[in-house]
*Asks:* 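Quick one: the structure is below, questions incoming.
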Amino acid sequence: MGEEANCNVAMEAKLPKENGLNGHTGIMFNDITPLLLRPGVFKDAVDIFVERYRGMGIAAVAGIEARGFIFGPAIALAIGAKFIPLRKPKKLPGEVISETYVLEYGTDCLQMHVGAIEPGERVLIVDDLVATGGTLCAAIRLLERAGADVAECACLIGLPKFKDFYKLNGKPVYVLVESREYEK
Ligand SMILES: O=P(O)(O)OC[C@H]1O[C@H](OP(=O)(O)OP(=O)(O)O)[C@H](O)[C@@H]1O
Ligand SMILES: Nc1ncnc2[nH]cnc12
């Protein structure tokens with residue numbers, strides 16, 4: 001991804017103190033939307049994942065709401081896998097299983113439709129960003145409870161300050177760029 005360095009700068013935007021994130025201040029919000037305005041860079045990012053995961057027997061790509069829904073389906077289509085949305089509570093209409101988790105600025109819950117994955121199917125989990133790893137960990141737990149074989153987690157951005165502490169049940173996480181660190 002030739003424009004990787006510039007893109008990383010563009011993805012970072014300092015939030016105002018009144019950022020609505022449960023009153024927390026000093027969080028550097030990493031925004032991937034500028035990348036989406038540049039089709040060449042967007043495609044390069046998807047292609048890197050596609051090259052990595054094609055031919056690996058991935059039956060399903062599970063995308064995490066909301067920003068995992070931007071990248072997950074494109075990767076799934078390109079590698080010939082089904083797409084499974086992991087959604088926030090009360091969004092999926094059918095029977096669900098749920099996992100709650102803690103993240104950098106609060107708590108949340110992910111749900112998946114019962115029957116979305118067959119036991120033994122190999123799955124890739126996709127999101128835009130890994131910070132504490134709490135969200136990915138909840139996704140791994142959901143899928144493993146349903147009998148899935150989680151191959152890897154893939155994110156565009158990783159926050160280096162958390163990377164020694166990821167709790168991903170031993171599963172690897174692959175990131176395209178590490179976000180810059182900023183002081184408050
Ligand atoms: O590694 P973690 O500490 O768990 O944080 C990473 C998660 O945080 C963001 O989503 P957010 O929870 O803000 O939800 P949203 O995409 O629905 O806004 C991001 O898109 C990841 O899903
Ligand atoms: N710093 C951050 N920027 C964007 N999304 C996040 N999710 C958790 N921490 C985040």
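Counting convention: from 1, in listed order, for ligands and their atoms alike. What's counted below: heavy atoms across the whole structure, side chains too, no hydrogens, waters or symmetry copies. Numbers here simply count residues along the sequence, with the first being 1.
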*Asks:* Just distances here: any N/O of Tyr101 and N/O of ligand 1 closer than 3.5 Å?
*Replies:*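 Between Tyr101 and ligand 1 (N or O atoms, distance only) the closest approach is not under 3.5 Å.
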*Asks:* Looking at Ile70 and Phe42, what are the two nearest heavy atoms and their distance?
*Replies:*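 Of all heavy-atom pairs spanning Ile70 and Phe42, the closest is CG2-CZ, 3.9 Å.
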*Asks:* Against ligand 1, does Leu129 come closer than 4.0 Å with any heavy atom?
*Replies:*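 A heavy atom of Leu129 does come that close to ligand 1.
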*Asks:* Can an N or O of Met28 be found at a distance shorter than 3.5 Å from an N or O of ligand 2?
*Replies:*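 There is such a contact, yes.
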*Asks:* Is any side-chain heavy atom of Glu65 closer than 4.5 Å to one of Leu86?
*Replies:*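 With C-beta onward as the side chain, the pair stays apart.
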*Asks:* Would you find more than 12 non-hydrogen atoms of other residues, nucleotides or ligands less than 6.0 Å from Lys88 atom NZ?
*Replies:*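 For Lys88, atom NZ is crowded (more than 12 foreign heavy atoms under 6.0 Å).
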*Asks:* Please classify the Arg67 to ligand 2 contact at 4.0 Å (heavy-atom distances, strictly less than): side chain, backbone, both or neither.
*Replies:*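 The answer is the side chain.
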*Asks:* Show the atoms of ligand 1 that are less than 4.0 angstrom away from any heavy atom in Arg67.
*Replies:*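 Going through ligand 1 atom by atom, the ones under 4.0 Å from Arg67 are 9 (C), 10 (O), 11 (P), 13 (O), 15 (P), 16 (O), 18 (O), 19 (C), 20 (O).
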*Asks:* Which one of Lys171, Arg52, Arg122 satisfies the side-chain hydrogen bond (donor to acceptor under 3.5 Å, both in side chains) criterion with Glu152?
*Replies:*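 The side-chain hydrogen bond (donor to acceptor under 3.5 Å, both in side chains) with Glu152 is passed solely by Arg52 among Lys171, Arg52, Arg122.
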*Asks:* Can you check whether Ile157 reaches Val130 side chain to side chain, under 4.5 Å on heavy atoms?
*Replies:*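 Ile157 vs Val130: side chains apart.
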*Asks:* Which of the atoms in ligand 1, numbered in the order shown and given with their element, are less than 4.0 Å from a heavy-atom of Val130?
*Replies:*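 It comes down to these atoms of ligand 1: 1 (O).
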*Asks:* Test side-chain contact (heavy atoms from CB on, under 4.5 Å) on Ile117 and Met112; report intermediate values, then the result.
*Replies:* CA-CA 9 Å; Ile117 192 98; Met112 178 177 71; 4.2 Å; yes
*Asks:* Quick check on contacts: which atoms of ligand 1 are under 4.0 angstrom from a heavy atom of Lys88?
*Replies:*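 Atoms satisfying the 4.0 Å criterion: 14 (O), 15 (P), 17 (O).
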*Asks:* Output the list of atoms in ligand 1 that are nearer than 4.0 Å to some heavy atom of Thr132, sorted by atom number.
*Replies:*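 In order of number, 1 (O), 2 (P), 3 (O), 4 (O).
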*Asks:* Calculate, to the nearest 0.5 Å, the distance between atoms CD1 and CG belonging to Ile84 and Leu143 respectively.
*Replies:*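 It is 6.5 Å, given to the nearest 0.5 Å.
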*Asks:* Have a look at ligand 2 and work out which part of Leu159, if any, has a heavy atom under 4.0 Å from it: side chain, backbone, both or neither.
*Replies:*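 Only the side chain of Leu159 comes within reach of ligand 2.
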*Asks:* Can you check which of Cys155, Ala131, Ala139 brings a heavy atom nearest to atom 1 (O) of ligand 1?
*Replies:*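 Checking each option, the heavy atom nearest atom 1 (O) of ligand 1 is found in Ala131.
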*Asks:* If you take the nearest heavy atom of each of Asp127, Leu168, Thr135, which one is closest to atom 21 (C) of ligand 1?
*Replies:*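 Residue with the shortest heavy-atom distance to the ligand atom: Asp127.
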*Asks:* Any nitrogen or oxygen of Asp108, main chain or side chain, under 3.5 Å from a nitrogen or oxygen of ligand 1?
*Replies:*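 So ligand 1 has no N or O lying under 3.5 Å from an N or O of Asp108.
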*Asks:* If you count the atoms of ligand 2 from 1 in the order shown, which ones are under 4.0 Å from a heavy atom of Ala131?
*Replies:*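 Ligand 2 atoms under the 4.0 Å threshold to Ala131: 8 (C), 9 (N).
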*Asks:* State, yes or no, whether a side-chain contact exists between Glu144 and Asn169 at a heavy-atom distance under 4.5 Å.
*Replies:*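 A side-chain contact exists here, since the closest heavy-atom pair is under 4.5 Å.
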*Asks:* Please indicate whether any nitrogen or oxygen in Gly133 is less than 3.5 Å from any nitrogen or oxygen in ligand 1.
*Replies:*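 Between Gly133 and ligand 1, an N or O pair is found under 3.5 Å apart.
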*Asks:* Quick check on the hydrophobic clustering: are Val126 and Leu176 connected, directly or via other members, by side-chain heavy-atom contacts under 4.5 Å?
*Replies:*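 Yes, because Val126 and Leu176 connect within a single hydrophobic cluster, where side-chain heavy atoms sit under 4.5 Å apart.
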